[in-house]
Amino acid sequence: MQPEWLPTWLSVILDWMHQEQALVAGVLALIGAGATVCVLRRQIKIQERQWLDAQERRDRASRARLPLALSDLVDYCLESYSICKLIYCNYEKYKNSPPSLTAPNLPGKAIEVLASAVEESLQGDVSKSSSEILNKLQVAHIRLKNSIDTVSSASHIGNINDQKAYALRAFEIEELRAHIETLFEYARGEKDTPTPIRSKVDAERVFRFGKPDGEFEAKVVEFIEAYW
């Protein structure tokens with residue numbers, strides 16, 4: 001029984017709601033669930049946007065650190081290449097008088113930057129290229145270090161490494177340097193993806209191999225022709 005002062009139309013509605021309590025409760029539950037879903041979706045979109053913003057900031061920061069890191073890696077390659085050439089050119093002399101040589105130190109900071117690019121870059125090609133460079137760098141360093149240790153400690157280096165092994169180490173270092181250079185334009189913001197690694201023909205045109213000026217360079221070019 002509704003109060004007499006209520007309007008007729010409101011009394012009718014209230015009576016109907018009283019008779020259909022289950023239906024009304026269900027409708028209200030659906031409305032409440034719908035509102036909850038809308039709120040949750042909005043929160044999820046906000047969180048996704050925040051996550052993407054954070055990812056983009058990390059990507060930009062990683063990219064900004066790349067030029068200096070790549071430069072350090074190229075310097076490492078040039079120094080390693082020079083040591084290989086030194087050993088190759090003095091191979092006969094070092095057989096009888098082992099020199100005191102040490103492998104160049106790996107640029108730790110540069111490696112950390114490259115590792116962060118693998119994890120944080122939003123560009124799949126950049127992440128893949130960075131990972132490949134890290135793998136090649138570690139392999140080349142271990143091989144070079146073993147070769148230098150052989151020269152410095154053995155009285156007859158020919159027992160383990162023949163002369164051309166040092167030209168092969170130099171080729172591996174040159175291949176690594178070429179791979180590093182594919183990231184430079186991306187790192188400087190000139191391209192959005194890495195430059196494809198150059199072909200062996202392009203490799204022979206760089207300043208060291210354009211016109212081989214000695215036996216060592218000629219031997220490295222042979223390895224480029226054979227393996228690149």
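Here, residue 1 is the first one in the sequence, and each next residue gets the next number.
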Problem set entry | Ring centers of Phe216, Tyr91 separated by less than 6.0 Å | no
Exercise. Does any N or O in the side chain of Ser80 come within less than 3.5 Å of the main-chain N or O of Tyr76, such that one atom is a donor and the other an acceptor?
Worked result: yes
Exercise. Would you say the side-chain atoms of Asp162 pair up with the backbone N or O of Ala165, donor to acceptor, closer than 3.5 Å?
Worked result: yes
Seminar exercise, completed: Nearest heavy-atom contact between Cys77 and Ile173 is O-CG2, 3.2 Å
For this session: Determine, for Glu56 against Arg49, whether the closest basic-nitrogen to carboxylate-oxygen distance falls under 4.0 angstrom.
Result: yes
Problem set entry | Heavy-atom check, side chain of Tyr186 versus side chain of Ser121, under 4.5 Å | yes
For this session: Taking all heavy atoms of Phe184 and all of Ser71, pick out the closest pair and write down the distance.
Result: CZ-N, 3.7 Å
For this session: Answer yes or no: is there a donor N or O on one side and an acceptor on the other, between the side chain of Asp59 and the main chain of Leu122, under 3.5 Å?
Result: yes
Exercise. Is the backbone N or O of Arg143 less than 3.5 Å from a side-chain atom of Ser147, with the two atoms forming a donor-acceptor pair by type?
Worked result: yes
Exercise. Roughly how far, to the nearest 0.5 Å, is NE2 of His179 from CG of Leu70?
Worked result: 11.0 Å
For this session: Look at Lys191 together with Glu185 and state whether they make a salt bridge at an N to O cut-off of under 4.0 Å.
Result: yes
Problem set entry | Lys/Arg-Asp/Glu bridge criterion (N-O < 4.0 Å) met for Glu215, Lys219 | no
Exercise. Can you tell me how far CZ of Arg177 sits from OH of Tyr81, rounded to the nearest 0.5 angstrom?
Worked result: 9.0 Å
Exercise. With the threshold set at 4.0 Å, does a side-chain nitrogen-carboxylate oxygen contact exist between Glu217 and Lys85?
Worked result: yes
For this session: For Ser97 and Lys93, indicate whether the former's side chain and the latter's backbone hold a donor-acceptor pair under 3.5 Å.
Result: no
Exercise. Do side-chain atoms of Ser130 reach the backbone of Val126 as a donor and acceptor pair under 3.5 angstrom?
Worked result: yes
For this session: Report yes if the side chains of Arg65 and Ser116 come closer than 4.5 Å at any heavy-atom pair, otherwise no.
Result: yes
Exercise. Taking atom CG of Asp53 as the centre, does the number of heavy atoms from other residues, nucleotides or ligands within less than 6.0 Å exceed 12?
Worked result: yes
